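The next block holds one structure in the form of structure tokens; read it before the comments.
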Amino acid sequence: MSTPSPDALAELRYQLLDWYDAHARVLPWRVPPLEGKGGKRPDPYHVWLSEIMLQQTGVMTVKPYFTAFLKRFPTVQDLAAAPLDEILGLWAGLGYYARARNLHEGAKAIAALGGFPMGEAGLRSIKGIGPYTAAAVAAIAFDLPHVPVDGNIERVLSRLWLIQAALPAAKPIFREAASRFEHPHRPGDFAQAMMDLGATICTPRNPICGLCPWSKVCKAYEKGCANDYPKKQPKKLKPVRYGVAFVVLGPDGLLVRRRLNEGLLGGMLEVPNLAWRDTPYETDACVLQGFDPRADWISCDSVRHVFTHFDLRMQVLAVRLSEISNLEGYHRLAPEAVSQAALPSLMQKIIASGLKALNLL
DNA sequence: CACCCGTGGAG
DNA sequence: TCTCCAAGGGT
């Protein structure tokens with residue numbers, strides 16, 4: 001791609017900002033563009049929280065979580081003072097749970113500093129804030145001249161200038177391309193305008209080029225090949241893994257335990273389950289877990305769950321016991337508390353399958 | 001750099 | 001059913 005002239009870049013900026021003034025999405029963590037032009041800035045805590053939640057996660061999914069978080073933790077100090085388990089409980093279902101653990105750690109660091117770092121470098125020092133989020137918070141919350149580069153912006157730029165390099169290896173090329181737009185005039189609105197354009201007009205499939213403020217200069221539109229961009233490296237196929245989970249209901253509730261604070265579903269609750277492996281389990285599953293095979297085990301609907309890098313098939317066995325002997329590391333969770341507990345979606349599915357088989361759903 | 005890390009919706 | 005993917009970051 002040839003380097004656009006400063007005048008051409010300035011023209012693009014004005015066209016996009018005009019479009020944004022008229023078509024900006026209304027979002028709970030956002031200050032409308034006209035208020036922004038009046039000098040009003042969004043709360044850095046709101047911007048930070050929303051950016052973390054939005055990492056690899058859709059706006060529609062995030063909205064209810066964002067609202068619930070802000071209601072329970074109105075300030076970053078409230079978040080810093082909260083127990084991790086409560087944060088994980090509110091995060092349950094959103095996925096990528098390291099974000100929640102890092103959020104808690106970040107809140108404590110920010111509270112200790114007495115407030116948010118107001119520069120990109122300071123933001124970068126906080127766990128969970130990478131190059132994208134640092135630039136986004138700096139631009140949106142503090143109106144500093146940065147152009148964050150997310151998936152939306154990569155897609156928009158790849159089409160606008162027909163960038164051939166394949167992602168994710170080409171990230172540095174896109175950063176360089178985006179930095180050409182860096183300018184002190186309304187950097188926060190410009191960043192959000194790029195993301196709105198990518199999310200609502202310049203969509204991954206079937207972009208609505210007829211409504212795009214840049215259609216007259218977009219190379220991909222000119223060639224009619226917008227759907228072919230951005231170029232991406234082929235992904236690996238996911239292996240299938242197998243496990244067996246046990247829904248054990250006693251008089252005081254379900255057997256659950258806490259996973260380690262690292263790795264897959266780190267810090268979240270789980271029901272007893274056998275180690276996941278690449279071949280299915282056949283028989284004697286309850287013996288393998290240390291349970292009494294003579295109990296009235298019910299074979300439940302199996303659960304399929306797709307993780308980022310593998311596909312999981314879980315066999316589910318359920319039993320109702322009049323008493324449960326003490327099991328090392330496990331505690332009881334009342335069925336009424338399941339919906340608010342720090343249980344990831346996989347475990348919610350497993351428990352639902354078990355309770356249904358026990359005629360409790 | 002390659003891999004790990006969730007989930008639900010859209011087409 | 002299947003594929004793609006959404007405001008990425010940590011290691």
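Since the structure is predicted, the reported quantities are computational estimates derived from the model, not experimental observations. The basis for the numbers below is simple: all heavy atoms, side chains too, and nothing from hydrogens, waters or symmetry mates. All chains are named by letter (A, B, ...) in the order of the sequence lines, taking the proteins before the strands, and each is independently numbered beginning at 1.
- Within residues 12-25 of chain A, no residue has any heavy atom closer than 4.0 Å to DNA chain B.
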Check: protein-nucleotides 8-11 of chain C nitrogen or oxygen pairs below 3.5 Å:
from: dG8(C); atom 1: OP1; to: Gly151(A); atom 2: N; distance (Å): 3.2
from: dG8(C); atom 1: OP2; to: Gln56(A); atom 2: N; distance (Å): 2.8
from: dG8(C); atom 1: OP2; to: Gln56(A); atom 2: NE2; distance (Å): 3.0
from: dG8(C); atom 1: O5'; to: Gln56(A); atom 2: NE2; distance (Å): 3.3
from: dG9(C); atom 1: OP1; to: Gly130(A); atom 2: N; distance (Å): 3.0
from: dG9(C); atom 1: OP1; to: Thr133(A); atom 2: N; distance (Å): 2.8
from: dG9(C); atom 1: OP1; to: Thr133(A); atom 2: OG1; distance (Å): 2.5
from: dG9(C); atom 1: OP2; to: Tyr132(A); atom 2: N; distance (Å): 3.2
from: dG10(C); atom 1: OP1; to: Gly128(A); atom 2: N; distance (Å): 2.6

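- Among the candidates Val271(A), Leu274(A), Leu255(A), the single residue satisfying the side chain to side chain contact (heavy atoms under 4.5 Å, CB included) test with Phe246(A) is Leu274(A).
- Residues from residues 27-45 of chain A with heavy atoms under 4.0 angstrom of DNA chain C, sorted by number: Leu27(A), Trp29(A), Arg30(A).
- The P atoms of dG9(C) and dG8(B) are separated by 22 Å, rounded to the nearest whole Å.
- Remark on DNA chain B: of its neighbouring residues Leu343(A) and Gln233(A), the 5'-side contact belongs to Gln233(A), judged by nearest-heavy-atom nucleotide.
- At a non-hydrogen distance threshold of 4.0 Å, nothing from residues 63-80 of chain A comes into contact with DNA chain C.
- Linking Ile, Leu, Val, Met, Phe, Trp and Tyr whenever their side-chain heavy atoms come within less than 4.5 Å puts Tyr132(A) and Phe116(A) in one cluster.
- For residues 345-361 of chain A, the pairs satisfying salt bridge (charged side-chain N to carboxylate O under 4.0 Å, His left out) are Asp301(A)-Lys356(A), with sequence neighbours left out.
- Neither OP1 nor OP2 of dC4(B) sits under 4.0 Å from any side-chain N or O of His309(A).
- Dashed line: the shortest gap from a side-chain N or O of His305(A) to OP1 or OP2 of dG6(B) is not under 4.0 Å.
- Legend: residues meeting side-chain hydrogen bond (donor to acceptor under 3.5 Å, both in side chains) with Gln55(A), ordered by chain and number and at least two apart, are Thr133(A).
- Judged as a side chain to side chain contact (heavy atoms under 4.5 Å, CB included), and not counting sequence neighbours, the contacts of His104(A) are Leu84(A), Ile87(A), Lys108(A).
- In terms of position on DNA chain B, the residue among Lys349(A) and Ala169(A) whose nearest nucleotide sits closer to the 5' end is Ala169(A).
- By the side chain to side chain contact (heavy atoms under 4.5 Å, CB included) test, Thr61(A) is found to be paired with Thr57(A), Leu94(A), residues two or more places apart in sequence or in another chain being considered.
- Ion pairing of Glu154(A) with Lys171(A) is present here, as a side-chain N (NZ or NE/NH1/NH2) and a carboxylate O approach within less than 4.0 Å.
- Only Gly263(A), Leu264(A), Leu265(A), listed by number, bring a heavy atom of residues 259-271 of chain A to less than 4.0 angstrom from any atom of DNA chain B.
- Between Lys235(A) and dT3(C) there is no side-chain N or O to OP1 or OP2 distance below 4.0 Å.
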All N/O contacts under 3.5 Å from nucleotides 9-11 of chain B to the protein, with atom names and distances to one decimal?
none

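- Residue pairs that meet the salt bridge (charged side-chain N to carboxylate O under 4.0 Å, His left out) test with at least one member in residues 218-229 of chain A, sequence neighbours left out, do not exist here.
- Contact record, Asn261(A) with Gly267(A): OD1-CA, 3.3 Å, taken as the closest heavy-atom pair.
- Pairs engaging residues 13-36 of chain A under the salt bridge (charged side-chain N to carboxylate O under 4.0 Å, His left out) rule: Asp21(A)-Lys37(A), Asp21(A)-Arg186(A), Arg25(A)-Asp196(A), Arg30(A)-Asp196(A) [sequence neighbours left out].
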